[in-house]
Amino acid sequence: MRRPLIAGNWKMNGSLAANAILLEGLRAGAVAVQCEVAVCVPAPYLSQVQALLAGSGIAWGAQDMSVHESGAYTGEISALMLRDFDCRYVIVGHSERRTFHAETSELVAKKAARALAGGLIPIICVGETLAEREAGQTAQVVEAQLSPVLAEVGGQLDHIVVAYEPVWAIGTGKTATPAMAQEVHELIRANLAKRDADAAAGVRLLYGGSMKPDNAKELLAMPDIDGGLIGGASLKAADFLEIARAA
Ligand code: PEP
């Protein structure tokens with residue numbers, strides 16, 4: 001049985017004042033939610049989130065981390081630093097990192113391995129661009145993104161989360177239909193199962209891409225959609241909690 005996970009990705013949004021209001025709203029509303037809820041926040045706010053969410057049942061995490069363990073890597077944040085703030089999750093390979101920071105699937109896989117070694121659960125993002133979907137390459141692209149992940153962390157599938165985020169649906173208001181998303185989720189699980197069928201059956205596969213209160217229920221009803229990675233709608237407590245209640 002896979003417990004659904006609804007994870008928020010705040011991206012580069014927030015302020016101490018705005019976060020305090022959002023976190024208070026989440027804390028108050030989370031008591032009525034059955035699924036697991038997490039927020040992945042900008043690193044400078046981890047201390048605030050740790051203080052305001054401790055004991056709430058809501059988990060937290062970061063949006064990226066270094067592939068290195070420690071040392072002369074100016075600007076980087078290590079897995080162990082994230083653990084110092086009791087992070088449970090870290091997003092790796094978000095399409096915005098792949099696009100704007102030239103992250104390759106090999107690097108993303110190595111980050112996932114480093115996260116696991118540091119005691120974090122990586123939320124590993126994969127997904128095709130619009131051009132790739134229109135060229136009929138979705139399966140090929142997603143499989144190519146997963147291949148280094150299987151090579152690096154295929155023996156630890158019990159401890160990873162995979163998020164399918166079609167790039168064309170992120171922040172655009174365009175959502176994959178439940179059937180489109182399910183098809184790719186099924187393919188992802190089948191790929192993971194080639195490495196370890198038992199563990200693959202337990203891996204939580206999140207859908208991300210303009211998931212909102214009005215489309216969450218249908219998407220989350222699909223058999224291989226075990227939750228959501230939520231961008232824009234995670235910045236409003238009421239919307240985020242409504243999605244969580246649909247899971
Ligand atoms: C995301 O950034 O992971 C995401 C899914 O964003 P949005 O929900 O805004 O499309």
Side-chain angles (χ1 to χ4, degrees), residues 4-14 18-19 22 26 35-43 45 49 59-65 87-101 103 105 108 111-112 115 120-130 132-133 138 141-142 145-146 149 160-178 180-182 184-185 188 204-220 222 224-247:
L5 168 64
I6 297 294
N9 172 15
W10 288 7
K11 310 198 190 200
M12 198 171 71
N13 292 296
N19 301 346
L22 175 55
L26 294 181
C35 72
E36 186 179 356
V37 175
V39 289
C40 294
V41 307
Y45 297 131
V49 170
W60 57 90
Q63 299 170 10
D64 181 38
M65 54 165 270
C87 285
R88 183 169 164 78
Y89 293 102
V90 60
I91 299 171
V92 294
H94 191 282
S95 66
E96 288 152 15
R97 302 280 329 160
R98 293 177 188 259
T99 305
F100 304 132
H101 302 273
E103 292 199 3
S105 297
V108 171
K111 285 189 177 191
L120 295 161
I121 299 173
I123 300 176
I124 304 166
C125 301
V126 297
E128 81 288 2
T129 63
L130 184 58
E132 289 162 344
R133 173 161 284 269
T138 300
V141 166
V142 170
Q145 291 170 333
L146 282 177
V149 170
I160 69 167
V161 172
V162 177
Y164 168 56
E165 298 209 306
V167 179
W168 48 270
I170 297 179
T172 58
K174 291 185 191 144
T175 324
T177 64
M180 278 159 90
Q182 167 60 25
V184 182
H185 281 230
I188 292 171
R204 289 179 296 180
L205 305 182
L206 313 185
Y207 168 79
S210 299
M211 193 187 268
K212 309 272 182 226
D214 61 1
N215 59 25
K217 213 176 176 67
E218 288 184 309
L219 285 159
L220 293 165
M222 293 289 117
D224 286 294
I225 301 184
D226 309 309
L229 183 55
I230 320 296
S234 71
L235 298 173
K236 288 189 193 140
D239 287 0
F240 189 54
L241 289 166
E242 199 175 329
I243 294 172
R245 280 192 297 270

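Note that these values count all heavy atoms, side chains included, but never hydrogens, waters or copies made by symmetry. It should be emphasised that the depicted structure is a prediction, and the values quoted were computed from it without experimental measurement. Start at 1 and go down the list; that is how both ligands and their atoms are numbered.
- Heavy atoms of H94 come nearer than 4.0 angstrom to ligand 1 in at least one pair.
- Within ligand 1, the atoms closer than 4.0 Å to a non-hydrogen atom of S210 are 7 (P), 8 (O), 10 (O), numbered from 1 in the order shown.
- The two residues C125 and I91 make their nearest non-hydrogen contact at SG-CG2, 3.7 Å.
- Shortest non-hydrogen contact noted between R133 and W168 is NE-CZ2, 3.5 Å.
- Of the possible polar contacts, one joining the S234 side chain to the G231 backbone as a donor-acceptor pair under 3.5 Å is found.
- To the nearest 0.5 Å, the span separating CD on E103 from NE2 on H101 amounts to 7.5 Å.
- Scanning both residues, P122 and A112, for their nearest heavy atoms gives CG-O, 3.8 Å.
- Counting the atoms of ligand 1 from 1 in the order shown, those under 4.0 Å from a heavy atom of G209 are 5 (C), 10 (O).
- Residue-to-ligand polar distances place G171 within reach of ligand 1: an N/O pair is separated by less than 3.5 Å.
- Considering backbone and side-chain atoms alike, E96 places every N or O at 3.5 Å or more from each N or O of ligand 1.
- At least one heavy atom of A169 sits less than 4.0 Å from an atom of ligand 1.
- Annotation: atom 3 (O) of ligand 1 to nearest protein heavy atom, E165 OE2, 2.7 Å.
- Considering all non-hydrogen atoms of both residues, A176 and L219 come closest at O-CD2, 3.7 Å.
- Distance check, rounded to the nearest 0.5 Å: CZ of R245 to CG of L220 gives 13.5 Å.
- Contact annotation: A233 has no heavy atom less than 4.0 Å from any atom of ligand 1.
- For a threshold of 3.5 Å applied to N or O pairs, the pair formed by K212 and ligand 1 contains no separation below that value.
- Protein heavy atom closest to atom 8 (O) of ligand 1, with residue, atom name and distance, is G231 N, 2.9 Å.
- Remark: ligand 1 and I230 share no N or O pair separated by less than 3.5 Å (distance only, no angle test).
- A side-chain contact (heavy atoms from CB on, under 4.5 Å) with R98 is found for one member of T129, V167, V126 and no other, namely V126.
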> Does the pair R88 and E36 meet the rule for a salt bridge (Lys or Arg N to Asp or Glu O under 4.0 Å), with working shown?
Replying inline: CA-CA 12 Å; R88 183 169 164 78; E36 186 179 356; 3.1 Å; yes
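- Each of the atoms 1 (C), 2 (O), 3 (O) of ligand 1 lies under 4.0 Å from some heavy atom of N9.
- Numbered from 1 in the order shown, with element, the atoms of ligand 1 that lie under 4.0 Å from a heavy atom of G232 read 7 (P), 8 (O), 9 (O).
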